[in-house]
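Each chain gets a letter, A, B and so on, in the order the sequences are listed, and its residues count up from 1. All figures in this text were calculated on a predicted structure; none of them were measured in a lab.
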Amino acid sequence: MDTILTDEQRMLRSMAESLTAGITPGGQTTEESIWSQLADAGLIGLSIPDVDGGSGGSLTDTVLVTEVLAAASTPLDQLWSGVIAPALLHEAGAGDILHEVCSGARRVAVALDRGLTALGRVDDENAIVINPGLAREALALDEAGRLVICAVAPRDDSADDQLISSGLGNATEPPIGTPLDDSRLRSWEAISLTAIAADAVGAAAAALALAVDYAANRVQFGAPIGSFQAIAHICADDHVSVEASRALAWYAAWAVASDNDQSLQSARTAKIHATQTGRSVCEDAIQVHGGIGMTWECPAHTHLRRMLINSRCLGGNDLLLDRTADNRLALVDS
Amino acid sequence: MADKLRIPTTAPQHGGGTAEYPDPLPIETDASAEAAVGVVREWIEQAIPAEWRIAAEKGVEQLREVRPREAYEQWYPAFASTGLAIPQWPRAYGGLGVSSTTARAIEAELAPHRLGRLNILGINLAGSALLHWGTEEQKRRYLIPIVRNEEQWCQLFSEPNAGSDLPSLAAWATRTETGWQITGQKVWNTWAEKADFGILLARTSPDLPKREGLTCVILPMHQPGVEVRPLRQLTGDSEFNEVILDEAQAGDEHLLGSVDNGWAVARTVLSGERQNVSGPGSGGGLDNLGGRSVHRLLQRAAEANPAGRPADDAIWRQRLMKLWSEHQVMLWTNLRVRGARKSGREPGANSSIGKLFSTEHNKRLQEAWFDMTAMVADAGATEEGRRVRYGFLRSRANTIEGGTSQVQRNVLGEAILGLPREPDQYHGASWRDVPR
């Protein structure tokens with residue numbers, strides 16, 4: 001099934017896999033060291049051109065790496081601070097800051113509106129910083145539509161949910177470049193949706209792998225439960241879902257990079273499918289594990305949590321399907 | 001260059017294998033995509049009638065007017081003998097032996113001219129099995145007539161008592177002085193009524209376990225021991241047959257693979273079959289799921305309607321877009337499987353992914369068509385209503401034919417995910433001792 005990957009892409013993927021080999025799902029102690037390893041390997045700003053400080057890879061490269069990192073439960077801020085924020089800085093034409101971000105020296109998160117559907121505004125007191133991780137700064141738009149970098153309150157380590165941090169502080173620098181027009185925002189949105197889809201593919205693939213491994217080893221009624229069709233068919237259907245989502249994410253990466261008039265739509269389709277079916281895959285993984293599946297100890301829930309965030313960010317499925325309908329039905333109208 | 005191509009000015013007589021056909025195009029097996037495309041362009045100019053080329057640009061309907069099916073079938077053997085129909089097959093067997101990259105480039109160059117492959121069963125079922133298991137003599141005897149659409153093939157696997165449990169089949173091949181004699185009953189045999197050969201699976205060693213005593217036979221269909229009867233489906237159509245074998249004869253030269261190795265051969269054929277499936281309205285000879293396409297559904301939803309347009313209805317919009325997204329999944333999943341196939345690898349169990357997804361999708365799609373026409377048209381009385389009802393009914397078979405969805409899931413679970421096999425109390429038992 002991987003025939004469309006080049007040798008370089010296969011190598012890139014195995015490099016990312018070996019990098020993540022030491023990461024334990026749900027672990028937090030290694031956050032800082034993971035970040036510097038990712039930066040050293042050139043995986044922060046992977047698809048940003050060399051001249052802007054990135055690694056000059058393709059969006060397909062980013063999709064492949066993001067799948068691997070998500071599957072290994074690498075902290076989700078890799079997606080936001082390592083892919084989505086650099087893409088936004090690149091669209092805004094940020095020179096030095098982008099270099100600093102790609103080198104790993106500076107970590108910048110992204111602010112969204114309260115509904116998590118679009119880029120946050122500086123003057124919106126309800127803006128939410130998504131997955132700040134160790135980042136102390138976040139990107140938002142000012143009244144003129146220019147990109148600004150704001151301070152982010154240190155995260156509350158006692159809080160239940162580490163993934164979202166409310167509140168945006170003051171701007172730490174003057175606004176970057178000229179106002180971002182619709183076409184640049186759409187380009188960024190297409191890249192972001194594609195990357196989120198890839199993250200969802202990785203998380204779903206990892207959840208399925210957990211389920212398959214458990215089903216092959218857990219013995220009841222004198223046989224591994226994976227030999228029963230009631231269990232095996234759940235896994236088989238989920239495998240079809242994961243491969244389907246992967247096909248869409250890879251296609252979106254190609255379509256977005258070739259920047260045709262359907263690239264944003266391809267990214268939406270990939271994101272819808274990957275998060276919608278991905279959520280079922282993660283829930284099925286919990287089901288297949290039976291009693292152990294509902295414990296904190298079983299890592300299935302870490303993938304489900306990741307999927308929930310992914311399914312909400314930059315538009316939930318209802319909203320994206322509605323935008324898809326606007327796009328597709330306008331095409332057949334004419 | 002032009003004189004080397006030896007393009008006949010008149011279409012050769014179809015059939016018989018004695019007609020003069022052009023040699024394969026002068027494209028080296030290590031030709032670059034660019035070089036190959038250059039030769040193909042020249043061939044297109046000379047060999048495809050100008051009228052066809054102009055009509056093909058305008059659309060399928062226009063092409064059908066100037067290129068009726070019979071005319072295309074008559075012209076096809078000359079086209080296929082250039083090697084362009086299946087460029088990645090070896091040159092000696094009707095292809096050009098080029099790399100998958102070059103083959104893709106050739107196909108892309110030909111695509112606008114809508115030269116759909118004929119003999120899909122011959123290519124996908126018999127072709128893949130012959131390439132993998134055939135002797136040199138068999139490959140030379142059978143593959144070129146398949147490519148040229150001169151000999152038709154069908155599959156003789158399923159039996160009334162051996163469906164999902166195919167390897168339990170009972171048709172029995174026994175040795176005679178001159179070869180083999182086969183007796184039994186086969187079912188679901190698409191195109192058996194016009195087939196020249198059938199790929200038959202028969203039991204040769206009933207004392208061995210069920211998978212170990214089967215042999216694959218190339219059965220000549222035109223003989224007294226073979227009777228083909230049409231089967232009527234719930235739609236009222238007859239797309240399949242049953243085939244009664246009563247002391248049908250075959251020679252040793254008709255064995256495909258060795259005696260009792262038939263199950264391995266069958267698996268090659270079956271993965272080719274799953275690969276055969278694509279989507280409705282997708283054209284290119286892969287139009288075999290039945291029913292109406294998602295593109296037409298969207299058009300229909302956007303048409304003005306006294307009862308209100310489904311395109312403006314919040315619930316319909318979501319349903320339509322889910323179907324449209326699934327259609328994208330299907331296209332890209334099929335492309336990935338096809339990519340693997342073109343690079344020379346067997347599609348293997350991965351083809352179950354495409355089969356499972358596209359058939360379940362098509363059922364949902366035809367259900368939506370049915371529901372929507374109930375909303376927008378007098379479903380019973382119109383031509384549209386009739387076609388939609390047919391699409392709905394026909395698609396019910398999609399998740400059964402070519403291996404049920406349940407069997408596909410077993411294949412995925414065991415062969416791809418590596419899950420343990422379901423406990424089988426008759427595992428390893430002699431076929432004779434298993435109840436049927």
Side-chain angles (χ1 to χ4, degrees), chain A residues 1-4 208-209 211-213 215-217 221-229 231-252 254 265-266 268-270 272-273 276-277 317-318 320-334, chain B residues 100 294-303 309-312 314 316-322 324-326 328-343 345 347 350 352-357 360 405-406 408-414 416-424:
Chain A
M1 294 292 283
D2 299 339
T3 46
I4 58 172
L208 174 60
V212 166
D213 185 55
N217 291 297
F221 307 105
I225 61 169
S227 68
F228 305 134
Q229 292 187 343
I231 301 295
H233 286 189
I234 292 173
C235 297
D237 279 333
D238 288 344
H239 178 65
V240 173
S241 295
V242 171
E243 288 303 321
S245 298
R246 184 169 279 146
L248 286 177
W250 290 11
Y251 172 63
W254 173 80
Q265 189 46 57
S266 308
R268 280 192 197 122
T269 307
I272 292 168
H273 196 273
Q276 196 155 23
T277 63
N317 287 324
D318 291 344
L320 292 185
L321 277 171
D322 203 51
R323 285 182 182 162
T324 303
D326 288 340
N327 173 284
R328 292 306 311 172
L329 293 170
L331 287 180
V332 301
D333 253 347
S334 54
Chain B
S100 57
V294 73
H295 300 290
R296 295 183 71 145
L297 183 71
L298 298 193
Q299 279 168 1
R300 191 70 179 89
E303 282 171 21
R309 300 190 325 158
D312 297 326
W316 264 110
R317 284 161 67 85
Q318 299 266 324
R319 186 169 173 190
L320 291 171
M321 289 311 116
K322 279 181 188 161
W324 183 80
S325 302
E326 287 175 9
Q328 307 306 304
V329 168
M330 207 174 66
L331 294 183
W332 291 101
T333 304
N334 277 345
L335 266 186
R336 287 176 72 198
V337 176
R338 226 170 281 161
R341 189 187 180 83
K342 280 179 182 164
S343 73
R345 283 198 265 146
N350 273 324
S352 289
I353 296 174
K355 160 75 167 111
L356 190 51
F357 191 93
E360 299 284 353
S405 286
Q406 286 67 35
Q408 307 299 339
R409 292 185 183 104
N410 283 348
V411 170
L412 285 175
E414 289 171 21
I416 301 290
L417 298 177
L419 287 169
R421 289 191 74 89
E422 191 166 26
D424 174 5

Could you tell me the separation between the [atom1] atom of [X] and the [atom2] atom of [Y], rounded to the nearest 0.5 Å?
| X | Y | atom1 | atom2 | value |
| --- | --- | --- | --- | --- |
| A:Asp322 | B:Arg317 | CG | CZ | 4.5 Å |
| B:Ile416 | A:Cys235 | CD1 | SG | 13.5 Å |
| A:Ser227 | B:Glu414 | OG | CD | 9.0 Å |
| A:Asp238 | B:Arg409 | CG | CZ | 10.5 Å |
| B:Leu417 | A:Leu208 | CG | CG | 6.0 Å |

Which pair of heavy atoms, one from [X] and one from [Y], lies closest together, and at what distance?
| X | Y | answer |
| --- | --- | --- |
| B:Leu356 | A:Val240 | CD2-CG2, 3.7 Å |
| B:Gln318 | A:Asp318 | NE2-O, 3.1 Å |
| A:Ala215 | B:Leu419 | CB-CD2, 3.9 Å |
| A:Leu329 | B:Met321 | CG-CE, 4.2 Å |

Item to check | Donor-acceptor pair, side chain of A:His239 and main chain of B:Gly413, under 3.5 angstrom | outcome: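 It does not hold such a pair.
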Next on the checklist: Quick check against the 3.5 Å criterion: does A:Gln229 have a side-chain atom that pairs as donor or acceptor with the backbone of B:Asn410?
Outcome noted: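 No.
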Checklist entry - Would you call B:Leu412 and A:Asp237 a side-chain contact if the rule is heavy atoms closer than 4.5 Å? => result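 Side chain of B:Leu412 against side chain of A:Asp237, heavy atoms only: no contact under 4.5 Å found.
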Next on the checklist: Determine whether B:Gln328 and A:His273 satisfy the following criterion, side chain to side chain contact (heavy atoms under 4.5 Å, CB included), listing intermediate values before the conclusion.
Outcome noted: CA-CA 10 Å; B:Gln328 307 306 304; A:His273 196 273; over 6 Å; no
By a 4.5 Å heavy-atom criterion (distance strictly below it), what part of [X] contacts chain B: side chain, backbone, both, or neither?
| X | result |
| --- | --- |
| A:Ala232 | both |
| A:His233 | both |
| A:Asn327 | neither |

Item to check | Choice from B:Gln299, B:Glu360, B:Glu326 maximising heavy atom contacts with chain A below 4.5 Å | outcome: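 It is B:Gln299.
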Item to check | Parallel, tilted or perpendicular: rings of B:Trp332 and A:Trp254 (30°, 60°) | outcome: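 Ring orientation, 0 to 90° scale: tilted.
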